[in-house]
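See structure below.
Remember, it's a predicted structure, so these values are computed and weren't measured experimentally.
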Amino acid sequence: MPDKVSTRGSGAKKGPPKYQNKFAYSHNRGSKKTQTILALPVDGLCRRCTDQIQWRKQYRKYKPLTAPRKCVGCELKKVRKAYHVLCDDCARDKGVCAKCAEKAEIIDEGPKTSQETAKEKQTVEQRLAGMRERQRRTYLRKLERGEITAADILNASQSSDDSDNDSSDSEADSSTS
């Protein structure tokens, strides 16, 4: 006769597990399937769904789609990522998570289109052209080293523009009084 396990009123076992894992699970990192799964991007999702999919990838529970699925929003077969219920277009238009379809802060937006990339590059070049030579060379050097990104250049130049405008406004105010 098997040993009886003591349980609570709900039938759930009490106490810690009988055996604890000695080391964390690690899958075969050299397999092609694992490499393709880990290379797939996780984008257009809320924090909770992003964590869920990353957990699935880490413990080899992620199963990629073999054929496109039907989108719940537009009813077209445009869903190409596993565990998503909305296509990228519908999720972006509605401003919701592509997996749970809830309105939440979207993390890791998808890859930028070529138009967005070109527009960003053009604005960075304009900002750099408006800088002094010393500042421009400093930013370019840091950009090459990878210390900053193009977005940092835009933010830094916008903040310096704001401070320039503030100082010119205060000078104009002092001259009128």
Side-chain angles (χ1 to χ4, degrees), residues 17 21 23-131 135-136 138-163 165:
N21 290 343
F23 53 89
Y25 171 79
S26 64
H27 48 76
N28 183 4
R29 295 189 183 275
S31 73
K32 287 187 178 183
K33 185 174 184 180
T34 300
Q35 289 174 352
T36 56
I37 287 173
L38 292 176
L40 293 172
V42 179
D43 54 355
L45 302 176
C46 63
R47 167 64 62 200
R48 181 170 177 258
C49 296
T50 301
D51 291 342
Q52 287 175 357
I53 289 189
Q54 286 175 343
W55 180 90
R56 284 179 175 273
K57 284 183 171 186
Q58 182 180 356
Y59 292 106
R60 192 70 188 267
K61 302 290 183 184
Y62 188 90
K63 187 177 177 190
L65 279 180
T66 54
R69 293 181 60 199
K70 192 181 281 192
C71 173
V72 173
C74 63
E75 301 291 325
L76 298 174
K77 286 196 171 191
K78 291 174 58 179
V79 179
R80 301 198 185 282
K81 297 175 186 166
Y83 308 104
H84 289 218
V85 294
L86 292 170
C87 63
D88 292 337
D89 297 333
C90 290
R92 194 177 314 114
D93 292 343
K94 294 177 183 177
V96 296
C97 173
K99 183 176 179 282
C100 64
E102 291 181 7
K103 217 171 204 33
E105 183 182 350
I106 305 302
I107 299 171
D108 295 332
E109 285 295 327
K112 295 180 180 177
T113 62
S114 58
Q115 293 174 344
E116 291 172 345
T117 308
K119 186 175 181 180
E120 183 178 302
K121 189 174 183 179
Q122 185 179 12
T123 55
V124 167
E125 288 175 1
Q126 288 174 349
R127 298 280 181 181
L128 287 173
M131 291 181 179
Q135 279 182 324
R136 181 176 352 148
T138 303
Y139 277 116
L140 290 173
R141 192 170 43 249
K142 287 181 179 179
L143 192 63
E144 284 179 15
R145 282 192 226 143
E147 294 176 8
I148 60 171
T149 62
D152 295 333
I153 293 174
L154 293 174
N155 293 339
S157 60
Q158 286 176 350
S159 63
S160 66
D161 290 345
D162 293 342
S163 62
N165 292 341

Answer yes or no: is there a donor N or O on one side and an acceptor on the other, between the side chain of Y59 and the main chain of Q54, under 3.5 Å?
no
Would you please name every residue forming a side chain to side chain donor-acceptor pair (under 3.5 Å) with R69, sequence neighbours left out?
none
Under 3.5 Å, is there a donor-acceptor pair between the side chain of D152 and the main chain of T149?
yes
Heavy atoms only: give me the nearest W55-K61 pair and the separation to one decimal.
CZ3-CG, 3.8 Å
Is a side-chain N or O of R80 found less than 3.5 angstrom from the main chain of P68, in a donor-acceptor match?
no
For the residue pair R127 / Y139, report whether a side-chain donor-acceptor contact shorter than 3.5 Å exists.
no
Sorted by chain and number, sequence neighbours left out, side-chain contact (heavy atoms from CB on, under 4.5 Å) with K70 holds for E75
In this structure, CG of L140 is separated from CZ of R136 (nearest 0.5 Å) by 7.5 Å
Within the distance-only criterion (no hydrogens, no angle test), does the side chain of K103 pair as donor or acceptor with the backbone N or O of K94 below 3.5 angstrom?
yes
Without swapping roles, check the side chain of N21 against the backbone of F23 for a donor-acceptor pair under 3.5 Å.
no
What closest approach, in Å, do Y83 and R56 show between heavy atoms, and which atom pair accounts for it?
OH-NH1, 3.2 Å
For T34, side chain to side chain donor-acceptor pair (under 3.5 Å) partners two or more places apart:
S31, R60
Decide side chain to side chain contact (heavy atoms under 4.5 Å, CB included) for V42 and K57; before the verdict, give the C-alpha distance in whole Å, the side-chain angles of both, and the deciding distance to 0.1 Å.
CA-CA 10 Å; V42 179; K57 284 183 171 186; 3.5 Å; yes
Spatial distance of atom CZ (R47) from atom SG (C97) [nearest 0.5 Å]:
12.0 Å
How far apart are the closest heavy atoms of L86 and C71, and which atoms are they?
CA-SG, 3.8 Å
As an exercise, state the distance from SG of C46 to CD of E105, rounded to the nearest 0.5 Å.
10.0 Å
Indicate the atoms forming the closest heavy-atom contact of C49 with K99, along with that distance.
CB-CD, 3.7 Å
Grab the two heavy atoms, one from L40 and one from P64, that are nearest each other, plus how far apart they are.
CD1-CB, 4.3 Å
CD (E147) and NZ (K142) are apart, to the nearest 0.5 Å, by 6.5 Å
Should the pair D88-R92 be classified as a salt bridge under the 4.0 Å nitrogen-to-oxygen rule?
no
To the nearest 0.5 angstrom, please state how far the OG1 atom of T50 sits from the CD1 atom of I107.
5.0 Å
Are K81 and D43 close enough for a salt bridge, meaning some N to O gap below 4.0 Å?
yes
Report the C-alpha separation of I106 and L45 in whole Å, then their side-chain angles, then the decisive distance to 0.1 Å, and conclude whether the side chain to side chain contact (heavy atoms under 4.5 Å, CB included) test is met.
CA-CA 5 Å; I106 305 302; L45 302 176; over 6 Å; no
Value for CD1 (I37) from NZ (K32), rounded to nearest 0.5 Å, stands at 14.5 Å
